[in-house]
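Reviewing the structure listed below.
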Amino acid sequence: MNYGLFIAMLGAAIAVGAAGVGSAKGVGMASEAAAGVITEEPEKFGKLLVLQLLPGTQGLYGLIIGVMVLLNIGILGGDAPSGIQEGLTYFAACLPMAIGGFFSAVSQGRVCVTGVHIVAKRPDESSKAIVSASLVELYALLAFIVSFLMVINIGA
Amino acid sequence: MSIVRMKKISVIALSSDCEKLLDTLESLGAVQINSCEFDGVQHTNLSPAAVETQIDAAKKAAEIIKKFSKDRKNIEGGRSSPELADEILETFSKKQRITDEIGKIKLNVSAFRNYESLDVPMGLKKSERVKFKTGVFPASVTEEELREISPLSYTEIIKKTQSKTYVWIMYMGDITGKLLDLGFIEEKSDLTKTCKERISELNGKIRELENQASELDEKLKSLAKRSDELSVIPLLRKTERIEAENKIGRTEKTVIIDGYVPENIAETVRGELTGAYVELSEPDDDAPVTFKNGVFASPVEDITATYSMPSKNDIDPNSIMAFFYYLFFGMMFSDAGYGLLMVIVCGYLGFIKKAKNMKLMRMFFFCGISTTFWGVMYGSFFGNAVTSVTETFFGNAVALKPLWIDPTGEPLTLLIFSIALGFIQITVGLCIKFYMLIRQRKIAEAFFDTGTWILVLLGIAVYILGMFAKPLSSVGIAMAGVGVAGLILTQGRDKKNIIVRLFSGVISLYDITSYVSDILSYSRLMALGLSTGVIAQVINILGSLGGKSVVGVIMFALIFVVGHAMNFAINMLGAYVHTNRLQYVEFYSKFYEGGGKKFVPFGKYYKMSSENN
């Protein structure tokens, strides 16, 4: 059995999994809050949808990292890792996305919940709520960039 | 290109001319009416509540008849008939009452259904000795047990189901205790007809009600044909008019209208207002502002307006911002296929059909052009759709060559490019600040607070360029050095003590961290650009898993449409949000003061209302 391959896949799994769980939590929180507003004022759905979706991007970044790993380790392309050491390297490359994605998605979800309150009370200020949520997003992006650069350069 | 400044306007006229005057002002749509605050003038206090109720009714009615009419007439410019709205609402609530009634009866019927084969009435009158009960036993009670409830009882099983046995019992004496033991639940009823008769009676009633309901449906359908009479625009116009009338100052014989009018058309407005005394004067600090821009920059005016309207010190940032806005949006969305879709759809809606949200559509049209451009630069057309299709279905892969760079192949180059763009935008922001300060004659602030930072940032940039051309690096160090020295010497200039002064100067250098974090924030240009491309690729990989077969083609088409639609929606949202953020947080924070008020002229709904066209 090739432990290197196993460890690399474990990395891909937690990058997709943890970032996805974070996004699911974030989107879930925002959507719960939005549902309350929608029962009273269904016409605000469009504005709220943006806030509901924002914490969802981390899951997508996680997916990208996961796929990039699979493209490199012989599942969707490339060659299987030569040994445990290379497998661990892929694992390490997945960590920023897994950790950064999970926590930033949950925090972003919280910001979006407060954003939903803003939209409920002052719908004209919704763009400010969206910008506040995007402040958190930066850290997911940074984690994504680092993970991405690491995965890309392991084979090189 | 510019911010339109305002003039204060005061119109004094005879009360008898008031209506005519308001008509003119409304058709001009160029004057914002303010509440007139002279001593001794009176205000009317008309309430728009009645009209607002009509607006609510019209909106609800329009919502209801959507279900009854296929052809959507354009109700935007239509008439408004409150009677029609009321009639629709009334008919609908009548129909709803009937539907509720039908539901209740149906529930009733289903209760009787279980006893349908009982051929005596459930409420059969008991005689002096013989009594009857109808009800349910759990299915676990055996027939034997049922027969032996009491020596003086007769049990008829009406219906048996998996879990329940429905029975009719005729008995003498008292069997209540025994029944309780067996888990009997009585169905009390004083029905004097058999269940069958009752059911057919109720069914008749249901049919009757259903007929009524479908009659009401027909009525709603015919009412729905008049959907163009449910426009809220004339009603909104009424409320606007009422609000305007409340702001007019009135004396016994005259009316005074106070407000703002854009400088450039002030004289034209004066000319239109015949028969009234018009005075134009310089505005106070509270005066509202509006933007005036060409086709390229006007679409982003609303983006700026949601951030804040400009203060009196600000310049109009829209034309510069528009350039960066379209550029960044394109870099983040970066797919020629998606871009072309945007160009076609938004171009049609924004320029040919001129939809209600025309400005937004035009903005996305320009964003679409930029998206297509970057798609070509990155070699992305629905991801790698061309390669996928040719490889899977035709055997030999044809790759779409990127014109400039393959983002997944050389992410580092793209990252540096993104950060360089950020550097440029921030420097441009600082230069605008510099210009604004000079214009306000704050020369010291301009050179010491802004000029020094521009020098430092440019110096660093030149130093980095020095990696390619050696002599530049020392020039860069010199520029940055002058900038830093300037900061140390000038940043504490309000402090008396020379030591404290230098110390504050040194402390101010710490601001470099905020510039660094702002510039790094532009790395999202690369990250979001990558994410569009890679997710599109994943969709294409999933689609081509079916291989070269009929099923494979169908599968590819299905996954392609659904997957790319999702990717389009999510990444367009992402590009939009993050482009806004870069403008608001990184760019506008450098120079834009904001805090102005938006110019809202009286007569907003006049042009939309068909009665005038």
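Every chain is numbered from 1 and lettered A, B, ... according to where its sequence line falls, protein lines coming before strand lines. When reading the values below, keep in mind they use all heavy atoms of this one structure, side chains included, and skip hydrogens, waters and symmetry mates.
- Separating the CG atom in Leu142(A) from the CG atom in Leu520(B) is a distance of 7.5 Å, to the nearest 0.5 Å.
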At a 3.5 Å cut-off, give me the donor-acceptor pairs between chain B and chain A, one pair per line with the distance.
residue: Arg581(B); atom: NH1; partner: Ser134(A); partner atom: O; Å: 3.3

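- Listed by chain and residue number, nothing satisfies the salt bridge (Lys or Arg N to Asp or Glu O under 4.0 Å) test with Glu593(B) (two or more places apart in sequence, or in another chain).
- Separation of atoms CG (Leu573(B)) and CD1 (Ile130(A)) is listed at 7.5 Å; rounding is to 0.5 Å.
- Within the 4.5 Å cutoff, side-chain heavy atoms of Val577(B) are placed close to those of Leu54(A).
- Atom-to-atom distance recorded for Leu60(A):CG and Ile535(B):CD1 is 4.0 Å, nearest 0.5 angstrom.
- Rounding to the nearest 0.5 angstrom, the gap separating the CG atom in Leu525(B) from the CG atom in Leu141(A) is 10.0 Å.
- Ranked by heavy-atom pairs under 4.5 Å with chain B, the list Leu49(A), Leu149(A), Leu71(A), Leu135(A) is led by Leu135(A).
- With a 4.5 Å cut-off on non-hydrogen atoms, Leu415(B) touches chain A through its side chain but not through its backbone.
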